[in-house]
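Following: one structure in structure tokens, then a few remarks.
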Amino acid sequence: MIVQLDWFGCEPRDRWEVLIHQTLEQFAAIKAISRVQVRIEQLSQKACPYQVSVMLSVSGPDVLASAAGYTFEEALLKLNSMVRKTLTTRTMKMRELNGAHRVVKATHRG
């Protein structure tokens, strides 16, 4: 997995990078990810100054998500929840499609 972190309005922090990588590992456990682009913004004149956006390149449509919060941790937690829900839903739908019961007549019944 190739990870690209873009920082806007704030300096890169080791603790935040560790949290981001841990979150991405959780996503990768749900679905294989080939490339990730994360954008971290700190906007001083907004009600929720921290915004975290992510684009995950996965098989099928890419996953795009963005979340804002009063703290970086809050924004990342919201983002984590949104992306996990999307990935889990897609995985479940794929399992339903691949594991769908097909009506097949037993050969001994003619």
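The analysis underlying the following values was restricted to heavy atoms, covering all of them including side chains, and did not include hydrogens, waters or symmetry mates.
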From CA spacing to verdict: side chain to side chain contact (heavy atoms under 4.5 Å, CB included), Val3, His21: CA-CA 9 Å; Val3 179; His21 284 285; 3.9 Å; yes
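- In this structure, Leu79 and Val54 have side chains that are in contact, with non-hydrogen atoms separated by less than 4.5 Å.
- Applying the ring pair (Phe, Tyr, Trp, His ring centres under 6.0 Å) definition to pairs two or more places apart or across chains, those involving residues 67-88 are Trp16-Phe72.
- Shortest non-hydrogen contact noted between Val52 and Ala75 is CG2-CB, 3.9 Å.
- One distance of note links CG of Asp14 with CG of Leu19; it measures 11.0 Å at 0.5 Å rounding.
- Taking the side chain as every heavy atom from C-beta outward, Gln26 and Asn80 approach each other to under 4.5 Å.
- Nearest approach of Gln42 to Cys10, heavy atoms of both residues: OE1-CB, 3.2 Å.
- Hydrophobic clustering keeps Met94 apart from Val83 (ILVMFWY residues linked when any side-chain heavy atoms are closer than 4.5 Å, directly or through intermediates).
- A donor-acceptor pair under 3.5 Å is formed between the side chain of Arg90 and the backbone N or O of Pro61.
- Val38 and Met1 fall within the same hydrophobic cluster, defined by Ile, Leu, Val, Met, Phe, Trp and Tyr side-chain heavy atoms under 4.5 Å apart, directly or through other members.
- Judged by distance alone, the side chain of Lys31 and the main-chain N or O of Thr91 form no donor-acceptor pair under 3.5 Å.
- When side chains are defined from C-beta on, Leu5 counts as touching Ile20, because their heavy atoms get closer than 4.5 Å.
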Hey, mind stepping through Gln37 and Asp6 against side chain to side chain contact (heavy atoms under 4.5 Å, CB included) and telling me if it holds? CA-CA 8 Å; Gln37 184 175 4; Asp6 298 322; 3.3 Å; yes
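- Considering only heavy atoms from C-beta on, Val63 stays 4.5 Å or farther from Met55 through its side chain.
- Here the side chains of Thr86 and Leu56 are not in contact, with every heavy-atom distance at 4.5 Å or above.
- Environment of CD in Glu11: sparse, with no more than 12 heavy atoms of neighbouring residues, nucleotides or ligands closer than 6.0 Å.
- Heavy-atom minimum distance, Met82 versus Ser66: CE-O, 3.2 Å.
- Between Glu17 and Arg13 there is no salt bridge, since no side-chain nitrogen of the basic residue lies less than 4.0 Å from a carboxylate oxygen of the acidic one.
- A search for ring pair (Phe, Tyr, Trp, His ring centres under 6.0 Å) contacts involving Phe27 returns nothing, not counting sequence neighbours.
- Salt bridge annotation for Glu73-Lys78: absent, with no cationic side-chain nitrogen under 4.0 angstrom from a carboxylate oxygen.
- The CD1 atom of Ile30 sits 4.0 Å away from atom CZ of Arg84, with the distance rounded to the nearest 0.5 Å.
- Annotation: the span from Leu87 atom CG to Met92 atom CE amounts to 13.0 Å, rounded to 0.5 Å.
- A salt bridge links Glu41 to Arg39: one of the charged nitrogens lies within less than 4.0 Å of a carboxylate oxygen.
- Looking at heavy atoms from C-beta onward, Ile33 lies out of side-chain contact with Arg35 at the 4.5 angstrom threshold.
- Put simply, the side chain of Ser34 gets close to the backbone of Ser57: a donor and an acceptor are under 3.5 Å apart.
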